[in-house]
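For reference, the structure discussed in these notes is given below.
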Protein chains: 2
Amino acid sequence: MVRQRIEIKKIDNVTARQVTFSKRRRGLFKKAKELSTLCDAEIALIVFSSTGRLFDYSSSSMGQVFERHNLQTENLMQPNQPSLDLHLDNSRYAVASKEVKEKTLELRRLRGEELHGLSLEELKKLEKTLEGGISRLLKTKTEMFEKEITALKIKEARLMEVNEWLKQQAKVQMGTDKRQTHEQGQSSDQSVITTTNNGSSAAAPPPCQDYNSSDTSLKLSLSFPS
Amino acid sequence: MVRQRIEIKKIDNVTARQVTFSKRRRGLFKKAKELSTLCDAEIALIVFSSTGRLFDYSSSSMGQVFERHNLQTENLMQPNQPSLDLHLDNSRYAVASKEVKEKTLELRRLRGEELHGLSLEELKKLEKTLEGGISRLLKTKTEMFEKEITALKIKEARLMEVNEWLKQQAKVQMGTDKRQTHEQGQSSDQSVITTTNNGSSAAAPPPCQDYNSSDTSLKLSLSFPS
DNA sequence: CGACCTATTTATAAGGT
DNA sequence: TACCTTATAAATAGGTC
């Protein structure tokens, strides 16, 4: 591929093979990580060198990816031996445990602990991650606030409408109080009232069965000064 | 990488992301196969697209590679009893697995993902955590920079001293060139030169066996104009 | 989707330290 | 072993079809 293009077949020279292995392994892992990041893909990569050394990478959790892979593959194959693989079963714990350790360390680092031993480059990467996290979090928070505000404004508008209507009603009541109670005075029955609506300024209130439908809205609204 | 270099972060545009996924996935699998062929390595690669499609490759057999991976991981973890108690093993796995899931979620949230379903209170807590993390990280970064700068200044001072001394030596050489080379001209042997130091302004350089002691310092110093 | 195009960026073979 | 350098091959972003 370079100074001289090489054929894709096993490299005979042991030293050259090891050198190529190191370089290409790094390249492969880099590409895997990039693909995972760029395209939001879940990736697991396991490489054993010819000398038996293990290198692995997983975008999320090896165990998760394995399981997902098994699920997809299992169905294509015969629903055969249920766990002939004692080793696989028994070492699941080891895998999971390793993952717990890794994730715990990562969490600590995101919290700004255990930073010793990190290079400047790694620190910068961490900083970028944190900034991305904060940025997305603030976006979400803003969205929540805005949604809340919108909901509250709608509620306010409806309440004002109802209010207006009630005022009109009160006026009407004042004038017709004694004569008309037996005709249309049952305000607890909306359907009856609604039928009296003829589109005039003293309209009936809009159907508002959902004033209290949003629990969060209700809770949050309490934190605003009234 | 190409017509225009792109940043390694999730591609927002769905179409572009899918196209990139296809291209890079093919590239990644090709590289994996080449590495396996060239260097006689055992490789397993699993990729799930963001839409859930599975792509995999294994130089031998997935199961084989998984098992080998588990064995290695297991050995690193606990070189102990090869599981006497299956029940214990399973429950430990369950616990660890749950932990992995929890930590994975927490990590995602710290990265600003999966924020839906969090209350405002939880968001605020998360924000505080992130701010604490950034704050501690920046403190560490600043410390590293300052340490680096201090080291560089010390080095600078030493180099200037040596420089000065070398200039003096050059002067002396100019004046005594022909007559005295046999007496003190071996500038490659500092100890000999040092013995000529009598405290005058043309002092010998300080003992500087540690000029190269800090790899990072050395690297950084190269980036300064000489 | 995939195939092809092209200008650029990356990866890397071979060599050196 | 790992890292640097250099010239060159390979990968690929952004198009078009």
Side-chain angles (χ1 to χ4, degrees), chain A residues 1-41 43 45 47-57 59 72 117-122 124-125, chain B residues 1-41 43 45 47-57 59 72 148 188 209-226:
Chain A
M1 309 178 171
V2 222
R3 291 296 180 94
Q4 192 184 232
R5 172 200 175 112
I6 62 161
E7 210 189 336
I8 302 299
K9 69 184 186 83
K10 180 169 171 178
I11 298 173
D12 291 321
N13 183 300
V14 181
T15 316
R17 186 162 71 228
Q18 283 182 338
V19 171
T20 296
F21 177 74
S22 280
K23 291 181 176 180
R24 279 177 171 261
R25 173 176 48 77
R26 274 195 293 270
L28 182 64
F29 278 82
K30 186 179 172 202
K31 291 273 183 196
K33 285 167 197 169
E34 288 184 353
L35 179 59
S36 148
T37 305
L38 285 169
C39 305
D40 200 29
I43 298 182
L45 175 56
V47 174
F48 284 99
S49 75
S50 56
T51 59
R53 269 185 69 188
L54 164 69
F55 304 86
D56 64 359
Y57 160 74
S59 56
Q72 294 250 353
L118 286 181
S119 70
L120 209 56
E121 216 42 56
E122 288 168 318
K124 281 185 194 162
K125 208 172 143 194
Chain B
M1 309 175 170
V2 222
R3 291 298 180 91
Q4 191 182 233
R5 171 201 177 115
I6 62 160
E7 209 190 336
I8 302 300
K9 70 185 185 82
K10 180 170 170 179
I11 298 172
D12 290 321
N13 183 300
V14 182
T15 316
R17 186 163 71 229
Q18 282 181 340
V19 171
T20 296
F21 178 74
S22 280
K23 289 181 174 181
R24 278 176 172 263
R25 174 176 49 75
R26 274 195 295 272
L28 182 64
F29 277 82
K30 185 180 173 200
K31 290 272 183 198
K33 286 167 195 167
E34 288 183 353
L35 178 58
S36 151
T37 305
L38 285 170
C39 306
D40 200 29
I43 297 182
L45 174 57
V47 174
F48 283 99
S49 75
S50 56
T51 59
R53 272 186 67 189
L54 164 69
F55 304 87
D56 65 356
Y57 161 74
S59 56
Q72 292 254 352
E148 201 51 49
S188 64
Q209 71 290 350
D210 60 349
Y211 277 2
N212 292 338
S213 66
S214 163
D215 269 356
T216 54
S217 299
L218 194 57
K219 274 190 219 147
L220 283 165
S221 72
L222 292 173
S223 66
F224 282 91
S226 56

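Just so it is clear: chains get the letters A, B, ... in the order the sequence lines come, proteins before strands, and each one is counted from 1.
A straight line from CG of L28(A) to C1' of dT10(C) spans 14 Å, rounded to a whole angstrom. Per the geometry, CZ belonging to F21(B) stands 13 Å off P belonging to dT12(D), to the nearest Å. Rounded to a whole Å, the CD atom of Q18(A) is 16 Å from the C1' atom of dA13(C). Rounding to whole angstrom units, CG of residue L35(B) and P of dA13(C) are separated by 10 Å. Rounded to whole Å, atom C1' of dG14(D) lies 13 Å from atom CZ of R24(B). R25(A) has its CZ atom 14 Å from the P atom of dA13(C), to the nearest Å. Counting to the nearest Å, the P atom of dT9(C) and the CD1 atom of I8(B) are 14 Å from each other. Here dT10(C) presents its P atom at 19 Å from CD of E34(B), a figure rounded to the nearest Å.
By the ring-ring contact (aromatic ring centres under 6.0 Å, His included) test, F29(B) pairs with no residue at all, sequence neighbours left out. In terms of the ring-ring contact (aromatic ring centres under 6.0 Å, His included) criterion, residue partners of F21(B) (sequence neighbours excluded) are, by chain and number, F55(B). Partners of T37(B) according to the side-chain contact (heavy atoms from CB on, under 4.5 Å) rule, which considers only residues two or more places apart in sequence or in another chain, are I8(A). Partners of E122(A) according to the side chain to side chain donor-acceptor pair (under 3.5 Å) rule, which considers only residues two or more places apart in sequence or in another chain, are S119(A).
Overall, the helix from dG2(C)-dC17(D) to dT17(C)-dA2(D) carries an axis bend of 50° between its ends, with five pairs at each end and the value rounded to 10°.
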Taking only nitrogen or oxygen atoms into account, show me every contact under 3.5 Å that the protein makes with nucleotides 14-17 of chain C, one pair per line with its distance.
from	atom 1	to	atom 2	distance (Å)
dA14(C)	OP1	Q4(A)	NE2	3.0
dA14(C)	N7	K23(A)	NZ	3.3
dA14(C)	N6	K23(A)	NZ	2.9

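Once rounded to the nearest 0.5 Å, the distance linking CZ of R24(B) with CG of L38(A) reads 5.0 Å. Put simply, CG on L35(A) and CG on L45(A) are 11.0 Å apart, with the number rounded to the nearest 0.5 Å. Atom NZ of K10(A) sits about 11.0 Å away from atom OG of S36(B), to the nearest 0.5 Å. In this structure, R25(B) CZ and T20(B) OG1 are separated by 12.0 Å, a value rounded to the nearest 0.5 Å.
Here the side chains of E34(B) and K30(B) are in contact, with some heavy-atom distance below 4.5 Å.
Between dA10(D) and K31(B), no contact under 4.0 Å exists linking OP1 or OP2 to a side-chain N or O. Between dA11(D) and K30(B), a contact under 4.0 Å exists linking OP1 or OP2 to a side-chain N or O.
The side chain of S22(A) lies closest to dA2(D) when the candidates are dA13(D), dA2(D), dC1(C). Side chain of R26(A), nearest nucleotide from dA11(D), dC1(C), dC3(D): dC3(D).
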